[in-house]
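Let me begin by presenting the structure, written as structure tokens, before commenting on it.
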Number of protein chains: 2
Amino acid sequence: MLEDKLTQTFAALADPTRRAMLARLSQGEANVSELAQPFIKTMSLPAITKHVKVLERAGLITKSRDAQWRPCKLRGAGLRDAADWVGQYRAFWEESFDRLDAYLKETAGKKSRKKKSDALLQ
Amino acid sequence: MLEDKLTQTFAALADPTRRAMLARLSQGEANVSELAQPFIKTMSLPAITKHVKVLERAGLITKSRDAQWRPCKLRGAGLRDAADWVGQYRAFWEESFDRLDAYLKETAGKKSRKKKSDALLQ
DNA sequence: CAGTTAATTAACCATTTGGTTTATTATGCC
DNA sequence: GGCATAATAAACCAAATGGTTAATTAACTG
């Protein structure tokens with residue numbers, strides 16, 4: 001994945017309105033006004049349109065056409081790219097570890113109580 | 001985790017310079033000028049300082065003091081929070097699925113070839 | 001103490017972001 | 001055709017972001 005695409009993806013996720021839209025879409029397709037519904041008291045429709053566009057350009061959703069409606073659907077691959085990037089660092093939140101320890105466990109170890117430390121970075 | 005903290009975390013990840021800094025820190029502690037090293041031809045030190053501060057405020061790194069140096073280290077919990085959020089959507093990138101199918105597999109199923117679909121959303 | 005190194009602060013600037021209001025496009029319906 | 005609905009576009013604005021340069025703080029070193 002392009003460096004810049006990942007930037008767009010994380011930027012798109014860095015907004016609670018857009019994350020709520022993804023949450024809504026995880027329950028099924030929705031058109032723009034349906035996505036707008038929870039926010040329409042506090043935000044204009046053009047603002048919603050913009051948020052949807054950010055999600056679309058980031059590859060997190062796809063938008064199609066049905067008469068005057070624009071049904072949107074979640075695009076798993078977009079979220080997977082973000083998950084894959086973050087996943088590189090899994091070893092850093094899986095309890096106690098250090099790289100040597102991890103190396104020993106992965107190669108020769110068998111009795112250590114600590115969890116595995118994945119290879120990190122490209 | 002606070003809604004707003006997640007926003008800060010994703011915003012911090014939405015920059016290639018900052019992601020590169022995290023990559024560097026995944027190989028071990030580094031102080032600010034060490035983090036700056038790959039960028040110092042193209043960016044001033046105050047710019048680096050600002051990036052480091054964004055990472056720190058997002059909870060992705062911690063910074064301590066050693067004389068005039070400021071050793072930084074990766075904070076796994078910050079990345080885990082991001083990973084956990086994205087992980088809610090795992091079902092959407094793990095091949096063919098739908099919520100009913102997932103439900104059946106998780107509760108009664110035993111022979112389905114499809115991968116598991118986690119419960120989504122709060 | 002004087003000088004050097006590490007890092008930050010302050011003030012500033014351009015661009016991007018997230019919102020607004022008003023106007024427009026496109027579709028379906030009577 | 002005329003009207004209502006769904007969505008977008010355009011123009012604008014304030015605040016945030018990502019950078020700069022110049023000045024400052026803090027610590028070590030000779």
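All values derive from a computational prediction rather than experimental measurement. Every heavy atom of this structure was used, including side-chain atoms; hydrogens, water molecules and symmetry mates were not. A note on names: the letters A, B, ... follow the listed sequences, proteins ahead of strands, and every chain is numbered from 1.
- Side-chain nitrogen and oxygen atoms of S44(B) include at least one within less than 4.0 Å of the OP1 or OP2 phosphate oxygen of dT20(D).
- Rounded to an integer number of Å, the gap from H51(B) NE2 to dG18(D) C1' is 6 Å.
- Interatomic distance, CD1 of I48(A) versus OG1 of T17(A), reported as 7.0 Å (0.5 Å rounding).
- Remark: side-chain polar atoms of N31(B) are paired, donor with acceptor, to backbone N or O of E34(B) under 3.5 angstrom.
- Listed by first and then second residue, the salt bridge (Lys or Arg N to Asp or Glu O under 4.0 Å) pairs that reach into residues 67-80 of chain A are E29(A)-K73(A), sequence neighbours excluded.
- For the ring pair (Phe, Tyr, Trp, His ring centres under 6.0 Å) condition, no pair includes a residue of residues 22-46 of chain A, sequence neighbours left out.
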query = Could you go step by step and tell me if C72(B) and T62(B) meet the side chain to side chain contact (heavy atoms under 4.5 Å, CB included) rule?
reply = CA-CA 6 Å; C72(B) 301; T62(B) 57; over 6 Å; no
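- A47(A) comes within 4.0 angstrom of a base, heavy atoms only.
- Every residue two or more places apart in sequence or in another chain that forms a salt bridge (charged side-chain N to carboxylate O under 4.0 Å, His left out) with K63(A) is listed here: E56(A).
- Remark on DNA chain C: of its neighbouring residues V54(A) and D66(A), the 5'-side contact belongs to V54(A), judged by nearest-heavy-atom nucleotide.
- You can see that DNA chain C meets the heavy atoms of chain A within a 4.0 Å-exclusive cut from dG18(C) to dG28(C), reading 5' to 3'.
- Sorted by first and then second residue, the ring pair (Phe, Tyr, Trp, His ring centres under 6.0 Å) pairs involving residues 4-27 of chain A (not counting sequence neighbours) are F10(A)-W85(A).
- At least one side-chain heavy atom of L60(A) sits under 4.5 Å from a side-chain heavy atom of T9(A).
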query = Reading nucleotides 1-16 of chain D from the 5' end, what letters show protein touch, with B for base, S for backbone sugar-phosphate only, - for no heavy atom under 4.0 Å?
reply = ----BSBBB-B-----
